[in-house]
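Note sheet for the following structure.
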Protein chains: 2
Amino acid sequence: MTEAAVERAAEVLTPYCRARDVLDRVGDKWSVYVITMLGERTLRFSELKRNIHVITQRMLTVTLRGLERDGLVERTVHPGYPARVDYALTPMGESLLDTMRALLTWSVEHVDEIDTARRHYDHTKPATTNP
Amino acid sequence: MTEAAVERAAEVLTPYCRARDVLDRVGDKWSVYVITMLGERTLRFSELKRNIHVITQRMLTVTLRGLERDGLVERTVHPGYPARVDYALTPMGESLLDTMRALLTWSVEHVDEIDTARRHYDHTKPATTNP
DNA sequence: CTGCATCCTGGTAGATACTG
DNA sequence: CAGTATCTACCAGGATGCAG
């Protein structure tokens with residue numbers, strides 16, 4: 001009856017289809033950085049830009065828009081000149097950060113093991129799709 | 001001194017750079033499906049293909065190779081004709097699945113809230129980039 | 001300071017066809 | 001059954017320039 005179990009697993013995956021949106025967030029390079037940074041405290045656009053120095057302005061904007069749209073980050077505009085905008089995690093954003101941290105922890109803990117596995121794999125199985 | 005805290009957060013992110021590999025796994029559409037399926041029991045190539053019916057042969061192969069390379073999945077060939085290959089999670093793979101599940105659970109629990117946030121966002125901020 | 005618009009490029013997924 | 005090879009199309013992301 002393991003067969004049925006597998007089919008059940010396949011069905012269980014259905015709701016995950018919708019969960020993909022969330023997983024994509026975590027899989028998104030910049031979102032993780034931004035969420036982690038904002039987990040520390042509210043930050044302005046330029047502060048985020050400065051701390052994640054390798055990010056492009058465009059990508060920071062795009063990332064923040066996405067996070068705002070998903071209700072994970074709140075954007076607050078302080079009128080004046082020059083304009084000033086604050087970004088902060090919403091409760092849902094903080095909730096995600098908590099969950100995400102577990103995965104980050106796992107990642108950091110297993111990076112070495114994965115590296116080892118990769119080296120071993122690359123060593124024993126000289127690239128099939130090469131040159 | 002919140003400033004220092006933020007800088008610390010930025011530094012803390014450094015190891016995450018290497019953790020990106022792991023996050024990419026989770027962000028990868030097919031890896032999540034495969035890992036979840038294999039969490040149920042060992043499966044053959046064709047069984048995976050059948051249960052994740054929308055996946056391409058190529059993508060299934062590519063995904064499995066990646067997971068094998070990272071030491072998350074173990075590949076066992078049973079000689080004979082037709083050939084037969086089993087895929088199973090390694091201990092590390094199971095460990096990842098456990099951690100991943102928390103995120104999957106979070107996702108499923110918050111999908112509605114995110115959808116709502118998106119609708120609200122799209123409603124209040126009529127597309128900036130539109131015809 | 002903050003952020004939108006535009007153009008351009010490389011990687012990546014899908015379709016398809018062929019083998020051990 | 002379990003792949004590999006190849007070709008194409010698309011889109012995310014980087015560079016750049018301008019504006020409120």
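Each chain gets a letter, A, B and so on, in the order its sequence line appears, and its residues count up from 1.
- Between the C1' atom of C/dT2 and the CG atom of A/Leu43 lies a distance of 15 Å, rounded to the nearest Å.
- Residues passing the side chain to side chain contact (heavy atoms under 4.5 Å, CB included) test with A/Lys49 are A/Ile55, A/Gln57, A/Leu60, sequence neighbours excluded.
- In plain terms, the two heavy atoms of A/Leu97 and A/Thr36 that are nearest each other are CD1-CA, 4.2 Å.
- Distance alone, capped at 3.5 Å, places no donor-acceptor pair between the A/Ser31 side chain and the A/Gly27 backbone.
- For the helix from C/dC1-D/dG20 to C/dG20-D/dC1, the axis fitted to the five pairs at one end and the axis fitted to the five pairs at the other end meet at an angle of 50° (nearest 10 degrees).
- Under the salt bridge (charged side-chain N to carboxylate O under 4.0 Å, His left out) criterion, the residue pairs touching residues 22-37 of chain A are A/Arg20-A/Asp24, A/Arg25-A/Asp70, with sequence neighbours excluded.
- Between B/Tyr87 atom OH and D/dG3 atom C1' the separation is 8 Å, expressed in whole Å.
- Nearest nucleotide to the side chain of A/Ser46, out of D/dA2, D/dG3, C/dT2: C/dT2.
- Taking A/Asp98 as the reference, nothing meets the salt bridge (Lys or Arg N to Asp or Glu O under 4.0 Å) condition, with sequence neighbours excluded.
- Closest non-hydrogen pair, B/Leu72 versus A/Trp106, comes out as CD2-CH2, 4.2 Å.
- Between the C1' atom of C/dT2 and the CZ atom of A/Arg44 lies a distance of 10 Å, rounded to the nearest Å.
- A/Leu64 approaches A/Val34 most closely through the heavy-atom pair CD2-CG1, 3.8 Å.
- Rounded to an integer number of Å, the gap from A/Glu68 CD to C/dG3 C1' is 12 Å.
- Legend: salt bridge (charged side-chain N to carboxylate O under 4.0 Å, His left out) pairs involving residues 102-112 of chain B, not counting sequence neighbours, sorted by first then second residue: A/Arg18-B/Asp112.
- To the nearest angstrom, C1' of C/dG3 lies 17 Å from CZ of A/Arg84.
- Nucleotide C/dC1 holds its P atom 14 Å from the CG atom of A/Asp86, rounded to whole Å.
- Between the P atom of D/dA12 and the CG atom of A/Asp24 lies a distance of 11 Å, rounded to the nearest Å.
- Expressed to the nearest 0.5 Å, how far CD of A/Glu94 lies from OG1 of A/Thr99 amounts to 12.0 Å.
- The nearest whole Å value for the distance from the CG atom in B/Leu48 to the P atom in D/dG3 is 10 Å.
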| field | Nucleotide-resolved protein contact map, nucleotides 10-20 of chain C, B/S/- at heavy-atom distance under 4.0 Å | value | ---BBB-----
